[in-house]
Each structure stands twice: as C-alpha cells, then as structure tokens.
Amino acid sequence: QVQLVESGGELVQPGGSLRLSCAASGFSLDNYAIGWYRQAPGKEREGVSCIRRDDGRTYYKESVKGRFTISRDNAKNTVYLQLDSLKPDDTAVYYCMTVQWCSVASGLGPTLGVVSSWGQGTQVTVSS
C-alpha cells in the first residue's frame with residue numbers, strides 16, 4: 001500500500017524538543033521532494049518545511065527557522081522533522097507529503113499525488 005505515516009508527536013512543555021518521523025511504504029521517498037505541514041485548530045493547513053530530492057537543500061517557514069530541522073534517511077525510507085525550542089504556537093497536527101518541488105527561497109510546491117490522501121498526522125501539543 002502506498003502511504004505516508006507520521007509519528008513522534010506528543011505533549012511537551014515550552015522549550016522542549018521532539019523528533020517527528022514520516023515513513024513511506026509502497027514507494028521510495030528518495031525519488032521525491034518532501035514537505036512537512038501543520039494544521040492548528042481552526043486554521044488552515046500550512047507548509048512548514050521541505051527538503052529537496054536532488055541536493056537535500058531545505059526550506060523553513062520564517063516562524064520556525066533556527067528551531068526546526070528537516071532531514072532524510074533514504075536507507076530507512078523516512079524523513080524527519082526535529083522540533084526544538086517549542087512554543088505553544090507550534091501546537092498542531094503535523095503531516096508530511098510528497099511535493100512537486102521544494103525551493104530554498106520560496107518554499108513548498110503543490111502536493112504531488114504519489115499517495116492518494118493525507119495521513120492521520122501526528123499531534124504536537126506544547127503546553128505547561
């Protein structure tokens with residue numbers, strides 16, 4: 001089955017850290033640019049970060065620059081998002097998806113329909 005499965009989210013105190021995982025099955029992640037998104041309650045889903053397929057360069061939304069780090073392990077067919085110095089505003093459900101392109105300057109391109117639907121995501125809650 002072709003799918004992406006997110007994991008690693010949990011309740012964490014402000015200033016804490018988490019590592020989210022995006023594991024692919026049924027296809028190879030190293031053939032695609034991958035984006036991480038998040039959706040907070042009552043808000044639209046937004047692109048947070050992406051990693052390019054060819055050279056591994058990355059993009060970060062301004063509000064997470066210096067705190068989040070995206071990486072990929074092709075041998076494990078997994079993309080990670082390291083979240084450090086977490087803030088309450090980071091509370092959201094986090095999703096990953098294949099994207100048509102990832103620009104260091106301008107961010108995530110449109111989603112690429114390798115998988116037919118969004119996964120369940122992983123809940124990150126930042127609260128004291």
Side-chain angles (χ1 to χ4, degrees):
Q1 185 178 2
V2 178
Q3 63 178 355
L4 292 166
V5 178
E6 303 92 347
S7 63
E10 61 182 69
L11 172 63
V12 63
Q13 292 188 342
S17 296
L18 288 172
R19 188 175 80 159
L20 308 184
S21 298
C22 168
S25 60
F27 70 103
S28 294
L29 274 179
D30 59 0
N31 291 326
Y32 303 96
I34 303 297
W36 276 99
Y37 299 76
R38 67 185 181 187
Q39 186 167 20
K43 295 187 178 181
E44 292 188 355
R45 186 176 287 148
E46 63 176 359
V48 174
S49 179
C50 61
I51 186 164
R52 291 164 55 96
R53 174 190 62 83
D54 48 3
D55 57 11
R57 295 177 71 189
T58 58
Y59 161 84
Y60 300 96
K61 178 180 172 66
E62 189 64 34
S63 60
V64 307
K65 277 184 181 178
R67 301 189 299 118
F68 290 9
T69 305
I70 189 171
S71 62
R72 63 197 309 159
D73 185 335
N74 292 334
K76 294 184 178 180
N77 213 21
T78 300
V79 171
Y80 302 100
L81 188 66
Q82 176 71 35
L83 285 58
D84 297 316
S85 303
L86 281 161
K87 304 175 181 180
D89 283 350
D90 296 318
T91 295
V93 180
Y94 284 70
Y95 303 87
C96 61
M97 181 56 74
T98 52
V99 293
Q100 293 186 24
W101 41 262
C102 171
S103 167
V104 174
S106 60
L108 290 74
T111 57
L112 181 64
V114 178
V115 295
S116 58
S117 62
W118 293 89
Q120 292 188 331
T122 186
Q123 175 70 51
V124 173
T125 303
V126 185
S127 175
S128 54

Could you please spell out the steps behind the side-chain contact (heavy atoms from CB on, under 4.5 Å) verdict for L11 and S127? CA-CA 7 Å; L11 172 63; S127 175; 4.1 Å; yes

Nearest heavy-atom contact between R72 and L29 is NH2-O, 2.6 Å

Straight-line distance of S7 OG to Q120 CD, nearest 0.5 Å: 12.0 Å

Using modelled atom types only, decide if a donor and an acceptor are shared between the side chain of R45 and the backbone of V93 within a distance under 3.5 Å. no

Which pair of heavy atoms, one from P14 and one from S128, lies closest together, and at what distance? CD-N, 3.7 Å

Are any side-chain N or O atoms of S28 and backbone N or O atoms of D30, one a donor and one an acceptor, separated by less than 3.5 Å? no

When rounded to the nearest 0.5 Å, the distance separating CG of L81 from CG of L20 is 5.5 Å

To the nearest 0.5 Å, tell me how far R57 CZ sits from C102 SG. 9.5 Å

Shared ILVMFWY cluster between Y94 and V5, side chains joined below 4.5 angstrom? no

Atom CG of L108 and atom NZ of K61: how far apart are they, to the nearest 0.5 Å? 10.5 Å

Run the side-chain contact (heavy atoms from CB on, under 4.5 Å) check on F68 and L86 step by step: do they pass? CA-CA 9 Å; F68 290 9; L86 281 161; 4.0 Å; yes

Examine Y37 together with W118 and report whether their ring centres are nearer than 6.0 Å. yes

Got a sec: does the CD of Q123 have more than 12 other heavy atoms crowding it under 6.0 Å? yes

Between S49 and Y59 (side chain of the first, backbone of the second, donor and acceptor by atom type, cut-off under 3.5 Å), is there such a pair? yes

CH2/W36 to OG1/T122 distance, rounded to the nearest 0.5 angstrom? 7.5 Å

By the side-chain hydrogen bond (donor to acceptor under 3.5 Å, both in side chains) test, which pairs, at least two apart or in different chains, include something from residues 76-92? S17-D84, R38-D90, R67-D90, Q82-D84

Measure across Y95 and G119 and return the closest heavy-atom pair with its distance rounded to 0.1 Å. CE2-O, 3.4 Å

Shortest non-hydrogen contact between G26 and V2, atoms and distance: O-CG2, 3.8 Å

Exam field: side chain E6 to backbone C96, donor-acceptor pair closer than 3.5 Å: yes

Here the pair of heavy atoms bringing I70 nearest to I34 is CD1-O, 4.0 Å

Shortest non-hydrogen pair, W101 vs G107, comes out as CZ3-O, 3.4 Å

Heavy-atom donor-acceptor pair, S25 side chain to Q1 backbone, under 3.5 Å: yes

